[in-house]
Every structure is written in C-alpha cells, then in structure tokens.
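Worksheet: the structure to be examined is printed underneath.
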Amino acid sequence: MFRTFFIYLSKAAWARNIITGWNFAWRAASRFVAGETLEDAIRVIRQLNQKGINATLDHLGEHTTDLEFARRAAQEILQVLDAISLSGVRANVSIKLTQIGLSLDEGVCRENLQMILQKASALGNFIRIDMEDSPWVDTTLRLFNQMRHEQGFENVGIVIQSYLYRSEADIRHLSAACSRVRLCKGAYKEPQDVAYPRKADVDSSYDRLAQIMMDGALAAGCPALSLDGRLPPIIALATHDERRINFARRYARKIGLPKESLEFQMLYGIRRDLQEQLSKDGAPVRVYVPYGSEWYPYYVRRLAERPANLWFFISNFFRK
Ligand code: FDA
C-alpha cells in the first residue's frame, strides 16, 4: 500500500507542484541528490573517487513533454560528458530515454541517443540506459540493440529489472551478445501480469539472473573494469541488499569469476558503509550520482522504497 501510494505520488503533477514548493523538501531530497548543478555533482564524485569508488552521473529528468526540451536535455548530457572529461573524474553517465524524447517521438529520441553515444565514444566514455516502467521496456531494448549492433557502439549498456517475468529471456539474449547489463530489482509499480508481486520472488529472480550473467561473463572471457573507471565490466549488480550481494560474491568465487569483472552499484546517499566496505575489499564499486532541479520523481521513488525515509522527510520540516 505504502509503496503503491508513493509511486503514484511520484507521477502526480499536483503533488509535485505542492511538494517542490516546500523548502524543507529539497533539504530532505538532498540526502539522495548531489545538488542542483553539475559542479555540485562533480564535487561529490571527486569525494567518492578519493575513496576508490567510481560514479555514474545522472542529470535528473524524465518524461519530457516537449521535443525542444528533449533536444535541450540531450545537449545538457553532452555538457556532462565534457565536464567529466575536463575534470578527469572516474565517472560515466546514466540517462533515461524518456528524458530525451522517447515518450514523444522515437525517431527524435534515436537521433538524440546516437549523438550522445558519438560524443561519449569520442571522449572514451560510456552511457548506461536506465530502464523505466514496463510500457517502455520493449522500445528501450530495441533502441539499445540498434545502437549496439546496427550502429556498432560498444560504449553503451542497459538495465534489466528482476521483478519482470520477461527478464530471464532478456538477460539470456543480452548475455549471449556480451552486452553490458546493470541488474536491479525495479523501482516502479507494475501490474501482476508483468511483474512478481512478492518481494521474495523478486529477490530469488535477482539471484537467478545474477548467476546467468556471471556464467555469461565467464564464457565471454571476463572483461574487467577499464583503468580509467569509465567502461564497466559486463556485469553490474545494482542493489543495497546484502543478501543478494553476498550470494553473488559466493557464486563468483565458486565459478572463478575475477573480482574486477563484477561491479557493485549503489545509489548516492544509501548504504555508504557498504559501498566503502566493498571497495576496501577490492570489489569495483560505482555510485549513481543524480543532480539537477528535476529531483521530484527520483526522490519520491526513494521514499517509496523505504517507509523510514518518510520520517527523515518529516523531520526536515521541523528543522530550522
Ligand atoms: P531492497 O529494496 O530490498 O533494499 C535492501 C536494503 O537496502 C534495505 O533494507 C535498505 O537497507 C536499503 N535501501 C534500499 N532502498 C533504500 C532507500 N530508498 N533508502 C534507504 N535505504 C534503502 N530501478 C529501475 O527500475 N531502473 C533503473 O534503471 C534503476 N537503476 C538503478 C541504479 C542503481 C545504481 C541502483 C542501486 C538502483 C537502481 N534502480 C533502478 C532502483 C532499484 O530498482 C531499486 O528500486 C532500489 O535499488 C532498491 O532496491 P534494493 O535492491 O536496494 O533492495
């Protein structure tokens, strides 16, 4: 109930208008968002890099409602790539296709994506395409495959969500093609005919998919993280769930997958202790660092994941 209600709020324009008008809401959100500017984000990434942790930078935004805004969003992502290159930080970039026009015009979205990948390729960087809710999964995978196989971009990766029934088949195709995949549980409210409703099933699907990915990476010769921290290994496990992480590490040891071939990813502001502990243990760790003024839906999805975060939000109201 709690999760359903907050995921509804994350999409509701009326709630967005009210909540983003409260000063204390931004104070609460800034626990999960690096700041409003690119400079804020680069500063946060430098701090992470000093601890041996890499980053993936997300200029927040989704479901852009106007083609001109979608083109502008794509231009801003080019600026993000330039800023990473100029500052020398160990970071790549995550994007959402609805931010660059997917919900308006697939052709414009494709052009924007191609332009972003060309720029990233010229700068030796990598773009991860985030996965959004289930109506966008087919098109997102289609555009990813076009870029990777028809346009020949090696510097692009995709995300798969373990709560979807279809994900095992998707992972098998992607693993056979040595595609770089980030595995997460899934952050949206999905109907029961497309996604497992029970958390236990989402978790066991996560372990099963992680195993398939690890077997695939071993068969592909275990490509590792690049020296500059930008091109990730084939497998990225994005979760803060220690049980999932421990399961994957045990399985990796059992099959002889080198540590450098298995990246762990977590969100900015969540389980910093675990991020640092894994990194000290020699595992590649990457933190997802979002920034920008469009923080509302991202932040409310973080509230949906954990009821305790709501108390943190409320406590900010009482702080001066
Ligand atoms: P789970 O929800 O079971 O939580 C495990 C533990 O993690 C909790 O007990 C708690 O300690 C901690 N935790 C989790 N969420 C928290 C929160 N919000 N606040 C505080 N503590 C929290 N989703 C998607 O649909 N498409 C995508 O492209 C991505 N991309 C992505 C990138 C990265 C790097 C990460 C880490 C996650 C995503 N996600 C995502 C989000 C993902 O699908 C999922 O919603 C969250 O990671 C929460 O699930 P966990 O795997 O952490 O497990």
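Each ligand, and each atom within it, is numbered from 1 in the order the structure gives.
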Can you tell me how far apart CG (Leu274) and CD1 (Ile245) are? Round to the nearest 0.5 Å. 4.5 Å
Met266-ligand 1 polar pair, N/O distance under 3.5 Å: no
Is any NZ, NE, NH1 or NH2 atom of the basic residue among Arg142 and Asp138 found under 4.0 Å from an Asp or Glu carboxylate oxygen of the other? no
Is Glu106 salt-bridged to Arg110, cutoff N-O under 4.0 Å? yes
Protein heavy-atom contact under 4.0 Å for atom 8 (C) of ligand 1? no
Salt-bridge criterion met for Glu294 and Arg16 (N-O under 4.0 Å): yes
re atom 10 (C) of ligand 1, the protein heavy-atom contact at minimum distance is Arg306 NE, 3.7 Å
For the CD1 atom of Ile7 and the CG atom of Leu303, what is their distance to the nearest 0.5 Å? 11.0 Å
For Tyr288, counting its heavy atoms only, list the atoms of ligand 1 lying under 4.0 Å from any of them. 32 (C), 34 (C)
Answer with yes or no whether Arg182 contacts ligand 1, where contact means a heavy atom under 4.0 Å from a ligand atom. yes
With a cut-off of 4.0 Å, which atoms of ligand 1 are near a heavy atom of Val159? 27 (C), 28 (O)
If you measure every N or O of Tyr188 against every N or O of ligand 1, does any of those distances drop under 3.5 Å? no
With a 4.0 Å heavy-atom cut-off (strictly under), which part of Gln161 contacts ligand 1: side chain, backbone, both or neither? side chain
Would you call Arg301 a ligand 1 contact, heavy-atom distance under 4.0 Å? no
Salt bridge flag under 4.0 Å for residues Arg301 and Glu305: no
Is atom 4 (O) of ligand 1 close to the protein, meaning a heavy atom under 4.0 Å from it? no
Rounded distance [0.5 Å steps], CG in Leu141 versus CZ in Arg166: 5.5 Å
Taking 4.0 Å as the limit for heavy-atom contacts, which would you say applies to Leu267 with ligand 1: side chain only, backbone only, both, or neither? both
Considering heavy atoms of the protein only, find what lies nearest to atom 43 (O) of ligand 1 and give residue, atom and distance to 0.1 Å. Gly186 N, 2.7 Å
Rounded to the nearest 0.5 Å, what separation is found between the CH2 atom of Trp136 and the CG atom of Leu97? 10.0 Å
If you measure from the Lys or Arg side-chain nitrogens to the Asp or Glu carboxylate oxygens, is any gap between Asp273 and Arg271 under 4.0 Å? yes
Nitrogen or oxygen atoms of His240 and ligand 1 under 3.5 Å apart: yes
Is a salt bridge present between Lys189 and Asp133, judged by a nitrogen-to-oxygen distance below 4.0 Å? no
Any idea which part of Lys199 is under 4.0 Å from ligand 1, heavy-atom wise: side chain, backbone, both or neither? side chain
Just going by heavy-atom distances, which of Lys96, Met131, Glu305 is nearest to atom 46 (C) of ligand 1? Glu305
Honestly, is Arg302 close enough over Tyr298, meaning NZ or CZ under 6.0 Å from the six-membered ring centre and within 45° of the axis? yes
I'd like to check atom 51 (O) of ligand 1 in this structure: does the protein have a heavy atom lying under 4.0 Å from it? yes
Should one rank Lys185, Arg243, Gln265 by closest heavy-atom distance to atom 49 (O) of ligand 1, which comes out on top? Lys185
Closest heavy-atom approach to atom 19 (N) of ligand 1 among Leu164, Asp130, Asn309, Ile158 is made by Asn309
Carboxylate-amine/guanidinium contact Arg208 Glu168, below 4.0 Å: yes
Quick one: look up the protein heavy atom nearest atom 16 (C) of ligand 1 and list residue, atom name and how far away it is. Ile270 CD1, 3.7 Å
Can you check which of Ala187, Ala308, Cys184 brings a heavy atom nearest to atom 38 (C) of ligand 1? Cys184
